[in-house]
Amino acid sequence: MKSANQSERSGLGPLQALGRVARIFYAPQSAAREIREQPNWVFPLLLTLLLSFVTTAVIIGRPETQQALQKALESSAQKASELEKVKLLEAMRVVAWVGFLAAPVIANLFVAVILWGATVMMEAKIGFIPVFSYQLHAQMVTLIPRTLGVAWILGRHGAQLTSGDLPAPFSLGNLLPAGMASPVLQAVAASVDIFALWYWAIIVAGLAVVAGVPWRRLLIPASFLWVLGVLLTATATLLSSSCHRRRKTLHAN
């Protein structure tokens, strides 16, 4: 009888798992209490991978992506035969697919390890799986802009797009006057978006419940990780812009 009751408690149907994902948006503490008692990570991870698969298919299917891969191939394999170039291009597509699909798994594991380590340092008696489960649920908030971006790209079917065409109305950078801020300030402002702030608010509110620690103790590590993420994103943006300008200069010459 006892084993039967444990079996009933251990199962979480797809609709229940989907409901838990939905509650993370408006009732993170309620979802956190459920995750603490019954952690689940397979469903949110599969949902994340499904969105990554759709995003990858849309991006790789775009003509500008194919042109970028073709240019990279021509610059790196100028002496290769046409058959070798076709094989290399196919290999590059496979690598792109693997990278896009592996990225969310690695990123979620990495962030969950950091969050779990932070709770352990606060002497929280919690295992890794509940923290990993909560991280997978909380990061669903950050998938909203990606989903909107995919929908926007699909709506521009047949049109040639550039990185400057992609809408990003959720960042602080939209509040800066065009052309009046330095590139560094623009990059930092563009890296501050409402969904990242929403995510960290959910982390602080819910992880305190999962780990059983006061939420105020999570403010400092959460703020540090948020600032670090902003700086890394801004740095990547500046490096990408710099490389783009160099390529334009080389083509012009």
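All of these numbers come straight from a predicted model, not from anything done at the bench.
To the nearest 0.5 Å, atom CG of residue L148 and atom CD1 of residue I144 are 7.5 Å apart. In this structure, CG in L228 is found 9.0 Å from OG1 in T233, a value given to the nearest 0.5 Å. Remark: L143 CG to Y199 OH distance equals 11.0 Å, nearest 0.5 Å. Here the CG atom belonging to L46 is positioned 13.0 Å from the CG atom belonging to L51, to the nearest 0.5 angstrom. With rounding to the nearest 0.5 angstrom, the CG atom of L207 is 11.5 Å from the CD atom of Q29. One finds the CG atom of L47 at 10.5 Å from the CG atom of L136 (value rounded to the nearest 0.5 Å).
Within the 4.5 Å cutoff, no side-chain heavy atoms of F224 are placed close to those of I220. Side-chain contact between L12 and F43 is absent, with no heavy atoms from C-beta onward closer than 4.5 Å. Looking at heavy atoms from C-beta onward, V192 lies in side-chain contact with W226 at the 4.5 angstrom threshold.
Listed for the S191 side chain is a donor-acceptor partner under 3.5 Å among the backbone atoms of A187. Judged purely by atom type and a 3.5 angstrom limit, T119 has no side-chain atom pairing as donor or acceptor with the backbone of A124.
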Set out, in order, the CA-CA distance, both residues' side-chain angles and the distance that settles side-chain contact (heavy atoms from CB on, under 4.5 Å) for E34 and Q38, then state yes or no. CA-CA 6 Å; E34 296 177 13; Q38 188 180 16; over 6 Å; no
For F100 and T55: C-alpha separation, side-chain torsions, deciding distance, then whether side-chain contact (heavy atoms from CB on, under 4.5 Å) applies.
CA-CA 9 Å; F100 274 113; T55 303; 5.8 Å; no
**Item:** Criterion side-chain contact (heavy atoms from CB on, under 4.5 Å) on I203 and L218, from CA distance to verdict
**Value:** CA-CA 9 Å; I203 286 293; L218 292 170; 6.0 Å; no
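Residues V131 and V21 share a single hydrophobic cluster, defined by chaining ILVMFWY side chains whose heavy atoms lie under 4.5 Å apart. If you chain together hydrophobic residues whose side chains sit under 4.5 Å apart, V209 and F128 never meet in one group.
Contact detail for A31 and R20: the closest heavy-atom pair is CB-O, 4.2 Å. When all heavy atoms of P130 and P39 are compared, the closest pair comes out as CA-CB, 3.9 Å. Minimum interatomic distance between M140 and P44 (heavy atoms only, all atoms of both residues): CE-O, 3.2 Å. A pairwise comparison of heavy atoms in S30 and R23 identifies OG-CD, 4.4 Å as the closest pair. Of all non-hydrogen atoms in P28 and Y134, the two that sit nearest each other are CB-OH, 3.6 Å. In this structure, T142 and F195 approach most closely via the heavy-atom pair CG2-O, 4.2 Å.
Between W97 and F53, the two ring planes are tilted [angle within 30° to 60°].
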Got a list of side-chain donor-acceptor pairs under 3.5 Å for residues 104-117, not counting sequence neighbours?
unit_1 : atom_1 : unit_2 : atom_2 : d
N108   : OD1    : Q135   : NE2    : 2.9
N108   : ND2    : P104   : O      : 2.7
W116   : NE1    : I126   : O      : 3.0

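For CG of L15, the number of neighbouring non-hydrogen atoms (other residues, nucleotides, ligands) closer than 6.0 Å is 12 at most.
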